[in-house]
Amino acid sequence: MKEFSSAARDGLTPWQLEEVLRDVGAARYHNLHPFHHRMVSGALTKTQMQAWALNRYCYQSVIPRKDAMILSQAEDPAFRAQWRKRIEDHDGDDGWNGGIARWLKLATGLGLDAEMVKSEQLALPATRFAVGAYLSFCTNRSLLEAVASSLTELFSPVIIGERVPAMLAKYDYVSEDILAYFKPRPTQASRDADFALAYVMQHATTPEKQQAVIDALVFKCDVLWAMLDALDYAYGGKGHVPPGAFNPGEG
Ligand SMILES: O=C(O)c1cc(C(=O)O)c2c(n1)C(=O)C(=O)c1cc(C(=O)O)[nH]c1-2
């Protein structure tokens, strides 16, 4: 297992830091998770696919809120002008014509009730804890760490590129229409990740700050990993659905 702790000792050039951050993603991003592998191999049941969409809604809905926390810490108007695009991407211009609404379209296209999904009441406890941890991180840590925690987006075009064609090919109930969420995401994610990476490379100027941004990315990979672990345990046949969570088999 790779160690990501050399920055504290020696300090890195910005390009060495970028390399370490990319190594973190290569080792820990959620495209390596068995749940994702089962999704792209066509092995998920419809209930597992629904549970994924329902739980991922909680992540989608917290993203503009954590981005608002980041905006509140940013003193530079040019930074804010760039970062606020993220909120617009998810909320649209009236709250319900952006990414969150498109995620809801995916969930309802899979047969879920929109109000049930929006209420987040049937999400897994671990999903709630994971997305809550992400929001707290961006609220309580430095601006640099909060920006660094978004760097999983460096890797999201890869997972989306695996997921979308596989969902269309392997599940007859999935159509392009319900996957509209993903269409603009790779372009938006590249724009956002390029900006965040440049910011981190410019501002992580001491070994301590470099270690902090590496740790922030590790933390964020853990958030995404924990969400898939929770799904796998609850719906994978090995564990059990926690009381009160989405359970279509319940009579
Ligand atoms: O589909 C995915 O696997 C995936 C991953 C991530 C990510 O890596 O955090 C994001 C998204 N999607 C996404 O759609 C999104 O809007 C997004 C925002 C952020 C962030 O941390 O600011 N990550 C992600």
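This chain uses plain numbering: 1 for the first residue, then up along the sequence. These numbers come from the heavy atoms of this one structure, side chains and all, not from hydrogens, waters or symmetry mates. Read the numbers this way: they start at 1 and go in the same order the structure lists the ligands and their atoms.
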Participant: Does Asp222 have any side chain to side chain donor-acceptor pair (under 3.5 Å) partners at least two apart in sequence or in another chain, and if so, which?
Facilitator: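 Scan of Asp222 (side chain to side chain donor-acceptor pair (under 3.5 Å), adjacent residues dropped) gives Arg28.
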
Participant: For a distance cut-off of 3.5 Å, show me each N or O of ligand 1 paired with any protein N or O, plus the separation.
Facilitator:
from	atom 1	to	atom 2	distance (Å)
ligand 1	1 (O)	Arg56	NH1	3.1
ligand 1	1 (O)	Arg56	NH2	3.4
ligand 1	1 (O)	Arg163	NH1	2.7
ligand 1	1 (O)	Arg163	NH2	3.3
ligand 1	3 (O)	His30	NE2	2.9
ligand 1	3 (O)	Arg56	NH1	3.4
ligand 1	3 (O)	Arg163	NH2	2.8
ligand 1	8 (O)	Tyr29	OH	2.6
ligand 1	8 (O)	Thr152	O	3.4
ligand 1	8 (O)	Thr152	OG1	3.1
ligand 1	9 (O)	Tyr59	OH	2.5
ligand 1	9 (O)	Thr152	OG1	2.8
ligand 1	9 (O)	Lys220	NZ	3.2
ligand 1	12 (N)	Arg56	NH2	3.3
ligand 1	14 (O)	Tyr181	OH	2.5
ligand 1	14 (O)	Arg185	NE	3.4
ligand 1	16 (O)	His90	NE2	3.0
ligand 1	16 (O)	Tyr181	OH	3.1
ligand 1	16 (O)	Arg185	NE	3.4
ligand 1	16 (O)	Arg185	NH2	3.1
ligand 1	21 (O)	Tyr134	OH	2.6
ligand 1	21 (O)	Lys220	NZ	2.6
ligand 1	22 (O)	Lys66	NZ	2.7
ligand 1	22 (O)	Arg86	NH1	3.4
ligand 1	23 (N)	Tyr59	OH	3.2

Participant: Which heavy-atom pair separates Val147 from Tyr199 by the least distance, and what is that distance?
Facilitator: CG1-CD2, 3.9 Å

Participant: Does the plane of the ring in Trp103 sit parallel, tilted or perpendicular to the ring in Phe182? Use 30° and 60° as the thresholds.
Facilitator: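 Because their plane-to-plane angle is over 60°, the rings of Trp103 and Phe182 count as perpendicular.
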
Participant: Considering residues at least two apart in sequence or located in another chain, which fulfil the side-chain contact (heavy atoms from CB on, under 4.5 Å) criterion with Ala234?
Facilitator: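 Result, side-chain contact (heavy atoms from CB on, under 4.5 Å) vs Ala234: Leu124, Pro242.
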
Participant: So how far is it from Leu104 CG to Trp96 CH2, rounded to the nearest 0.5 Å?
Facilitator: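 Going from the CG atom of Leu104 to the CH2 atom of Trp96 covers 6.0 Å.
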
Participant: Taking only residues two or more places apart in sequence or in another chain, which ones pass side chain to side chain donor-acceptor pair (under 3.5 Å) with Arg102?
Facilitator: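 So Arg102 forms no side chain to side chain donor-acceptor pair (under 3.5 Å) with any residue.
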
